[in-house]
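None of the values given here were measured: they were computed from a predicted structure. Below, all heavy atoms of this structure are taken into account, side chains as well, without hydrogens, waters or symmetry copies. Letters go in sequence order (proteins before strands), and every chain restarts at 1.
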Amino acid sequence: MGFKALTGFRDFYPEKMAVRRALELAWHQASRRAGFQEFDGPVLESLELFTAKSGEEIERQLYAFSDKGDRRVALRPEMTPTLARMVAARANSLPKPIKWYCVPQFFRYERPQRGRGREFFQWNVDVIGASEAAADAEVMAVALDALRILGLGEQDVVLRVSDRRFLRRMLRSIDVEEVQESEVLGWIDKLERDATAAKRLEEILGQKRAREILAWCERMPLDQAPELAEVLGACRDYGIEAFVEPDFKIVRGLAYYTGPVWEIFDRAGELRAVAGGGRYDGLIAEFGGPDLPALGFGMGDVVLRELLQRKGLEPEPAARVEVFVVPVSPEMLKPAREVLLRLRERGVSADAPYGSPKLSKALKAADLSGARRAVLVGPDEWAEGAVRVKDLASGDERKVQLDDLD
RNA sequence: GUGGGUGUAGCUCAGCUGGUUAGAGCGCCAGGUUGUGGUCCUGGAAGCCGGGGGUUCGAGUCCCCUCACCCACCCCA
């Protein structure tokens, strides 16, 4: 065998590409109709940009190398540092709130497995400069809107939401020390997936406090979470309450989030999170910008694709062309090409064989092209300035004057 | 980076305890059908049996190594 794609990297043959485009189209639609503007940044950034906030150990998961000028660089594994950098540079001149989105390709050097490769596309939606709960609810609504465009409803997906401030406060109320916090949060995050997580919590905190936490996971103590109640109220205003469930077990990455945190899962709970986001006030400032509140989410293509496949909702590739032009005999090759170009000029996507294969073969090609109609260019009709238009689904044919062809 | 499973045609897979020139279905190409596609029939192309080494008279089949893929862990920004 010759060359293959690198481990964790994907080839997009046309059928796969069609699915990717359909996802991207849904993402663009949902973003734009909610007033988000598209932006993008460099695929390659200085290594330091990514290690500054997340720590050096993150380098293990980066495609990092030295370029020819001996600069340490890395392929982007996420958008937030770039976004923060870009916003910081123009923060004073941009009207607030800043509502931006992008559909970048990311690279992470890690072991490929279900729902994760070394390269993927991820839709990112962010709001910078808004502290209202309405902003949190709106980005959730935008994420769900894209899923709805793709055919996923409240019976298919669920958005689980918690709040970092609330999590901290609850842990403090049972005297979990600051140094234990990240470890404890880590195990809470794992409760759903890891059978040993509950045991580990007991070992760390003792039976009494561990049970308290498990009770909160069973039934969210909403009466003690005013900030979450506010977000849930905003979710009702944005019409997404059917999708949203408060859940104590939603934690997410420890380095970033400061307020509401949420993830979207398939209802069956078989896959990784389809999307995840939250509020990260303070992060823009940490990247050297002004101290603006910020929030957003990411939705990757890999898990989403998997989910759509399981639900039988994987988008079908569109027909290659609308019309297939067929010369009926070799002397009709030139007239057929005239018809072809005429159609294309009018904005109709059309294709035709390069030569003049047997009619049966040409019709087979027409069939494979996905065209709804075939235009048969034959000597008899051509002499009258006409062609035959065949409906490929029904087989019906009718004679059409060239000038009436659309 | 750690552990387990699997590698045979473009795809899905057969190939019994080692035994001649490695098979099927789908797909692709051609013909049956010189102005009519989808169905059907016939034929064809396509495989260093993932790669390397070993055992053996003989390896797709057994052993070792390696690589890739899948699953789980780590991580999830």
More than 12 heavy atoms from other groups under 6.0 Å of CD on A/Glu230: no
Rounded C1' spacing from B/rA59 to B/rG43 in Å: 33 Å
Whole-Å distance separating the CG atom of A/Asp367 from the C1' atom of B/rU39: 12 Å
Dot-bracket summary - RNA chain B, pairs being Watson-Crick or G-U whose distances fall under 3.5 Å, with | when paired to another strand: (((((((..((((.....[...)))).(((((.......))))).....(((((..]....))))))))))))....
Residue from A/Leu185, A/Val184, A/Ile250 passing side chain to side chain contact (heavy atoms under 4.5 Å, CB included) with A/Leu167: A/Leu185
5' priority, RNA chain B, between A/Glu263 and A/Phe9 [closest heavy atom]: A/Phe9
Sugar-phosphate, base or nothing in reach of A/Thr80, heavy atoms under 4.0 Å: nothing
Per A/Leu363 side chain, nearest of listed nucleotides B/rG35, B/rG32, B/rG37: B/rG37
Pairs touching residues 365-374 of chain A that satisfy salt bridge (Lys or Arg N to Asp or Glu O under 4.0 Å), sequence neighbours left out: A/Arg373-A/Asp406
NZ/NE/NH1/NH2 to OD/OE distance under 4.0 Å, A/Glu154 and A/Arg267: no
For nucleotides 41-44 of chain B, list the nitrogen or oxygen atoms of the protein found under 3.5 Å from its nitrogen or oxygen atoms, one pair per line.
none

Presence of A/Thr7 side-chain N/O under 4.0 Å of B/rC67 phosphate oxygens OP1/OP2: no
Touch class at under 4.0 angstrom, heavy-atom based, for A/Gly296 against every strand present: nothing
Under-3.5 Å N/O pairs linking protein and nucleotides 70-74 of chain B:
| from | atom 1 | to | atom 2 | distance (Å) |
| --- | --- | --- | --- | --- |
| B/rC71 | OP1 | A/Arg114 | NE | 2.8 |
| B/rC71 | OP1 | A/Arg114 | NH2 | 3.2 |
| B/rC71 | OP2 | A/Arg114 | N | 2.6 |
| B/rC74 | N4 | A/Gln113 | NE2 | 2.9 |

N/O donor-acceptor pair under 3.5 Å between A/Arg209 side chain and A/Ile174 backbone: yes
Distance test, side-chain N/O of A/Lys358 to OP1/OP2 of B/rG32, below 4.0 Å: yes
Sugar-phosphate only, base, or nothing, as touched by A/Gly395 at under 4.0 Å among non-hydrogen atoms: base
Sugar-phosphate only, base, or nothing, as touched by A/Glu381 at under 4.0 Å among non-hydrogen atoms: base
Derivation and outcome, side chain to side chain contact (heavy atoms under 4.5 Å, CB included), residues A/Ser66 and A/Arg71: CA-CA 5 Å; A/Ser66 295; A/Arg71 284 171 285 265; over 6 Å; no
Contact list for residues 149-185 of chain A, test ring pair (Phe, Tyr, Trp, His ring centres under 6.0 Å), sequence neighbours left out: A/Phe166-A/Phe248
Touch class at under 4.0 angstrom, heavy-atom based, for A/Pro81 against every strand present: nothing
Side chain of A/Asp380 (C-beta onward), nearest among B/rG35, B/rU34, B/rG37: B/rG35
Residue A/Tyr109 excluded, over 12 heavy atoms near OH under 6.0 Å: no
Distance, P atom - from B/rG35 to B/rC28, rounded to whole angstrom: 25 Å
Distance between P atoms of B/rU55 and B/rG60 (Å, rounded): 16 Å
Listing, residues 120-129 of chain A side-chain donor-acceptor contacts under 3.5 Å, not counting sequence neighbours, or none:
| from | atom 1 | to | atom 2 | distance (Å) |
| --- | --- | --- | --- | --- |
| A/Trp123 | NE1 | A/Ser31 | OG | 2.9 |
| A/Asn124 | ND2 | A/Gln122 | O | 3.1 |
| A/Asp126 | OD1 | A/Tyr280 | OH | 2.4 |

Test item: A/Arg169 side-chain N/O and A/Gln224 main-chain N/O as donor-acceptor pair under 3.5 Å: yes
Test side-chain contact (heavy atoms from CB on, under 4.5 Å) applied to A/Glu15 - qualifying residues, sequence neighbours left out: A/Tyr13, A/Pro317
Those residues that, when tested against A/Phe39, pass ring pair (Phe, Tyr, Trp, His ring centres under 6.0 Å) (two or more places apart): A/Trp100
Name the atoms and distances for all side-chain donor-acceptor pairs under 3.5 Å in residues 352-361 of chain A, with sequence neighbours left out.
none

Residue A/Tyr257, side-chain atoms from C-beta onward, closest of B/rA68, B/rG37, B/rA77: B/rA77
Whole-angstrom distance between B/rG19 and B/rG15, as gauged at atom P: 13 Å
Touch class at under 4.0 angstrom, heavy-atom based, for A/Arg108 against every strand present: base
RNA chain B-proximal residues of residues 117-131 of chain A, any heavy atom under 4.0 Å: none
A/Glu263/A/Arg160 ion pair, N-O < 4.0 Å: no
Of A/Ala365 and A/Pro77, the one whose closest RNA chain B nucleotide lies more 5': A/Ala365
Residues A/Arg10, A/Val302; criterion side chain to side chain contact (heavy atoms under 4.5 Å, CB included); working and verdict: CA-CA 11 Å; A/Arg10 296 169 294 175; A/Val302 183; 3.8 Å; yes
Closest listed nucleotide, where the reference is the side chain of A/Lys364 and the choices are B/rG37, B/rA77, B/rU36: B/rG37
Whole-angstrom distance between B/rA68 and B/rG23, as gauged at atom P: 32 Å
Of residues 382-393 of chain A, the positions that come close to RNA chain B - non-hydrogen atoms, cut-off under 4.0 Å: A/Arg388, A/Lys390, A/Leu392, A/Ala393
Qualifying salt bridge (Lys or Arg N to Asp or Glu O under 4.0 Å) pairs with a residue from residues 19-31 of chain A, counting only residues at least two apart or across chains: A/Arg20-A/Glu24, A/Arg21-A/Glu24
Stepwise side chain to side chain donor-acceptor pair (under 3.5 Å) check, A/Glu331 with A/Ser329: CA-CA 6 Å; A/Glu331 69 272 20; A/Ser329 54; 3.1 Å; yes
Within 6.0 angstrom of A/Arg219 CZ, more than 12 heavy atoms from elsewhere: no
